[in-house]
Amino acid sequence: MANGQWYPPEWPDRIRALASGELIPATPRRAATVMLLRDGRDGAGNGALGAPEVHMLRRRASMAFAGGAYAYPGGGVDPRDDDHLVRWAGPTRAWWAARLGVDDEAAAQAIVCAAVRETYEEAGVLLAGPTPETVVGDTTGEDWEADREALVARDLSFADFLDRRGLILRSDLLGAWARWITPEFEPRRYDTFFFVAALPEGQRTRNASTEADRTVWIRPSDAAARYDAGELLMMPPTIATLRALSGYGTPSEALAGASAQDMTPVLAEARLVDDELVLSWPGHDEFTKRIAPGGAR
């Protein structure tokens, strides 16, 4: 393997089945994931700031989808994420609907709520505060953990969690970055919205996910280099967003740069060229795969 691109061995057969009409594409489920950034250090031991670091987790090898791959905290939208209006700060739901390219404000709230909720569920970081200008400073303690576990078990909705604690969701702390849709030949499909955010002061991450066996803080450029060397396994959306993040010097710069990111959905295409299957992601030539009749190369 020349790099760390996640490439399941069953893809060629599934692509051919889709092309022949034998495979009916699954409907993608909406999901959200957050690229959480913090200030890095320059490595000289003098306390000076260096390039920002991003929080990543490694999915357990036993996971049916992308096992062993590095990713960001995230997950599917909970149907209750839009069942009633949550306490909200930042751009309006209508603004978010336009930015995300979805039909209505309820869908926008559900996606933003999923981003904030999943970051709390999987990393213990909460982008919410008691006022529109503040963020909670500490989410540790038995009472916080009990609420987090109730959210994970879906015993508690995110709206009820916010109400119970008198918190306001800080949508202004998120920047919409990208949107990728799982290829049509995959059995589990997601319409995933990628966000960027800075780690709030006073909070710290931890591996709170049952789906991950380790977490790291790493510079995006270092993670990309290790992917290129075949040391870190990643899906195309992950490495593509890492490369884009590498150009920013601070978390605040990356957050400011989110407004310029293209939110057009990226969906893989598979076509037959002289008995050879060509798998590509529009706008991302590095992920193109050519699949010969006998398999992949």
Side-chain angles (χ1 to χ4, degrees), residues 31-41 52-60 63 66 69-78 80-81 86-87 89-90 110-131 134-175 177 192-220 223 238 241 245 251-252 254-255:
T33 187
V34 176
M35 302 177 290
L36 195 62
L37 300 175
R38 72 177 184 186
D39 288 318
R41 300 296 172 181
E53 298 171 332
V54 63
H55 179 69
M56 304 189 75
L57 54 82
R58 184 176 66 186
R59 294 174 60 82
R60 294 185 184 277
M63 297 297 295
Y70 280 78
Y72 313 113
V77 167
D78 183 337
R80 298 174 300 173
D81 284 337
V86 301
R87 300 173 62 177
I111 294 164
V112 173
C113 276
V116 177
R117 176 179 48 75
E118 287 286 339
T119 303
Y120 180 53
E121 289 182 10
E122 296 203 334
V125 170
L126 183 59
L127 303 177
T131 71
T134 58
V135 186
V136 294
D138 186 6
T139 60
T140 60
E142 293 183 2
D143 57 334
W144 283 102
E145 181 60 16
D147 279 351
R148 192 197 65 79
E149 291 179 351
L151 285 169
V152 172
R154 300 296 180 261
D155 295 332
L156 177 66
S157 74
F158 192 60
D160 289 340
F161 165 73
L162 293 175
D163 286 345
R164 174 189 296 181
R165 289 190 169 270
L167 297 175
I168 300 171
L169 183 148
R170 292 286 307 275
S171 79
D172 55 317
L173 299 180
L174 289 168
W177 194 272
T192 304
F193 295 81
F194 286 71
F195 295 86
V196 65
L199 178 68
E201 185 176 353
Q203 295 193 40
R204 60 181 184 271
T205 58
R206 59 191 177 87
N207 184 8
S209 173
T210 59
E211 299 179 355
D213 59 13
R214 69 170 301 199
T215 62
V216 296
W217 281 101
I218 187 171
R219 293 181 181 181
T238 308
T241 50
L245 285 174
S252 59
L255 192 59

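As the structure is a prediction and not an experimental result, all values here were calculated from the model. Here, residue 1 is the first one in the sequence, and each next residue gets the next number. Scope of the values below: all heavy atoms of this structure, side chains included, with no hydrogens, waters or symmetry mates.
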Heavy atoms only: give me the nearest V135-P200 pair and the separation to one decimal.
-> CG1-CB, 3.7 Å

Qualifying residues under side chain to side chain donor-acceptor pair (under 3.5 Å), relative to E53, sequence neighbours excluded | R38

Backbone N/O of G74 and side chain of E122: donor-acceptor pair under 3.5 Å | yes

For T241 and T238, the nearest pair of non-hydrogen atoms, with its separation, is OG1-O, 2.9 Å

For D172, all residues meeting side chain to side chain donor-acceptor pair (under 3.5 Å), sequence neighbours excluded = R170

Do the non-hydrogen side-chain atoms of T139 and R148 ever get within less than 4.5 Å of each other?
-> no

Test item: T192 side-chain N/O and A31 main-chain N/O as donor-acceptor pair under 3.5 Å = no

Heavy-atom closest pair, residues P73 and T33 = O-OG1, 2.8 Å

Kindly write out the residues that satisfy ring-ring contact (aromatic ring centres under 6.0 Å, His included) with F158, not counting sequence neighbours, or none if the list is empty.
-> F161

Is any side-chain heavy atom of D163 less than 4.5 Å from a side-chain heavy atom of R87?
-> yes

Short question: side chain of R80, backbone of D160 - any donor-acceptor pair under 3.5 Å?
-> no

Contact summary for L162 and A128, nearest pair of heavy atoms | CD2-CB, 4.1 Å

Which atom pair, heavy atoms only, marks the closest approach of G175 to L255?
-> N-CD1, 3.5 Å

Side-chain heavy atoms of D39 within contact of P52, under 4.5 Å = no

Name all residues meeting the salt bridge (Lys or Arg N to Asp or Glu O under 4.0 Å) criterion together with R164; count only those two or more places apart in sequence or in a different chain, and write none if there are none.
-> D147

Where the side chain of Q203 meets the backbone of L126, is there a donor-acceptor pair that is under 3.5 Å apart?
-> yes

Contact summary for V34 and A115, nearest pair of heavy atoms | CG2-O, 3.6 Å

Measuring from L199:CG to R204:CZ, what's the distance to the nearest 0.5 Å?
-> 10.5 Å

Can you tell me if Y72 uses its side chain to pair, donor with acceptor, with the backbone of L36 under 3.5 Å?
-> no

Determine whether V116 and F195 make a side-chain contact, defined as any pair of heavy atoms from C-beta on separated by less than 4.5 Å.
-> no

Flag the pair L169 / C113 as yes when at least one side-chain heavy-atom distance between them is below 4.5 Å, and no otherwise.
-> yes

Across all chains, not counting sequence neighbours, the ring-ring contact (aromatic ring centres under 6.0 Å, His included) partners of W144 are none

Less than 4.5 Å apart, any side-chain heavy atom of T215 and any of H55?
-> yes

D143: salt bridge (Lys or Arg N to Asp or Glu O under 4.0 Å) partners, not counting sequence neighbours | R165

Taking the side chain as C-beta and beyond, is there a heavy-atom pair between L245 and L37 under 4.5 Å?
-> yes

Does the side chain of V54 reach to within under 4.5 Å of the side chain of I218, using non-hydrogen atoms?
-> yes

